[in-house]
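First comes the structure, then the notes that go with it.
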Amino acid sequence: MTTYLGIGTNLGDRAENLTRAVALISEQVGTVLACSSFMETAPWGFTSDNHFLNAVLAVDTALSPLELLRVTQSIERELGRLHKTVDGNYSDRIIDIDILLYDDLAINEAELTIPHPLIWERRFVYEPLLEIAPHLKAEGLTPQ
């Protein structure tokens, strides 16, 4: 299955954090088919002096969506992330990995929602996503 993952960081050596995340995703999730350009943006949803570096990956994986969630959360912990966002309370983070799309599946469970509900509200997600997957725009998936 092809999944699209959003990755972001605003602490430490941001480019190195993304590079390490891509390497671990390649090792633990599946073949990285494409990686967007890195995009620098101001924090979204909270105030911080630390700007983010973001990218989107296309990954071929044999993991189920819930297995993928568990593995990406494990990678976040491996890279030093201590806390997940709770109830929309965002904070600085060494790494964040979001499952944006998983093939053409739609999932709405307490643990996981796919497509990610905020894709089209976040320019730092949809621009890199459309960079590596322009066919999504042709399929009618565009910012709201």
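From a predicted model like this one, the values you see are computed outputs, not experimental measurements.
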Nearest 0.5 Å please: distance from the [atom1] atom of [X] over to the [atom2] atom of [Y].
X      : Y      : atom1 : atom2 : value
Leu68  : Ile114 : CG    : CD1   : 7.0 Å
Glu127 : Asn54  : CD    : CG    : 11.0 Å
Tyr126 : Leu136 : OH    : CG    : 14.0 Å
Leu18  : Phe52  : CG    : CZ    : 10.5 Å
His51  : Thr9   : NE2   : OG1   : 13.5 Å
Thr2   : Asp103 : OG1   : CG    : 6.0 Å

| query | Do the non-hydrogen side-chain atoms of Leu57 and Val29 ever get within less than 4.5 Å of each other? | reply |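 Side-chain contact under 4.5 Å: no.
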
Inset, instruction - Give the minimum heavy-atom separation between Asp98 and Arg122, together with the two atoms involved. - result: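 Smallest interatomic distance, heavy atoms only, reads OD2-NH1, 3.9 Å.
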
Closest approach of Cys35 to Phe38 (non-hydrogen atoms, all atoms of both residues) =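 Cys35 and Phe38 have their closest heavy atoms at SG-CE2, 4.1 Å.
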
Single-linkage hydrophobic cluster [X]~[Y], side-chain heavy atoms < 4.5 angstrom:
X      : Y      : answer
Leu112 : Leu105 : yes
Leu33  : Tyr102 : no
Val59  : Leu66  : yes
Leu11  : Leu79  : no

- Task: Could I get the full list of side-chain contact (heavy atoms from CB on, under 4.5 Å) partners for Ser26, not counting sequence neighbours?
- Result: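 Expected list: Val32.
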
Taking the side chain from [X] and the backbone from [Y], do they hold a donor-acceptor pair closer than 3.5 Å?
X      : Y     : result
Glu131 : Ser37 : yes
Ser36  : Val56 : yes
Thr19  : Ala15 : yes
Asn10  : Asn50 : yes

*asked:* Using the salt bridge (Lys or Arg N to Asp or Glu O under 4.0 Å) criterion, which residues pair with Glu109? Sequence neighbours excluded.
replied: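 Here no residue qualifies.
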
Worksheet entry | Set of salt bridge (Lys or Arg N to Asp or Glu O under 4.0 Å) partners for Arg77, sequence neighbours left out |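 Listed in chain order: nothing, the list is empty.
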
So if I apply the side chain to side chain contact (heavy atoms under 4.5 Å, CB included) rule between Ile7 and each of Leu53, Asn17, Ile25, which one comes out positive?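 Going through Leu53, Asn17, Ile25 one by one, the side chain to side chain contact (heavy atoms under 4.5 Å, CB included) with Ile7 is satisfied by Ile25 alone.
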
Step by step, work out the side-chain contact (heavy atoms from CB on, under 4.5 Å) result for His116 and Ile99. CA-CA 7 Å; His116 191 292; Ile99 302 170; over 6 Å; no

One pair to check against side-chain contact (heavy atoms from CB on, under 4.5 Å): Arg123 and Met39. What are the steps and the verdict? CA-CA 10 Å; Arg123 183 179 67 85; Met39 173 185 252; 3.2 Å; yes

Between Arg14 and Glu40, is the closest basic N to carboxylate O distance under 4.0 Å?
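A salt bridge is present here (some side-chain N lies under 4.0 Å from a carboxylate O).
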
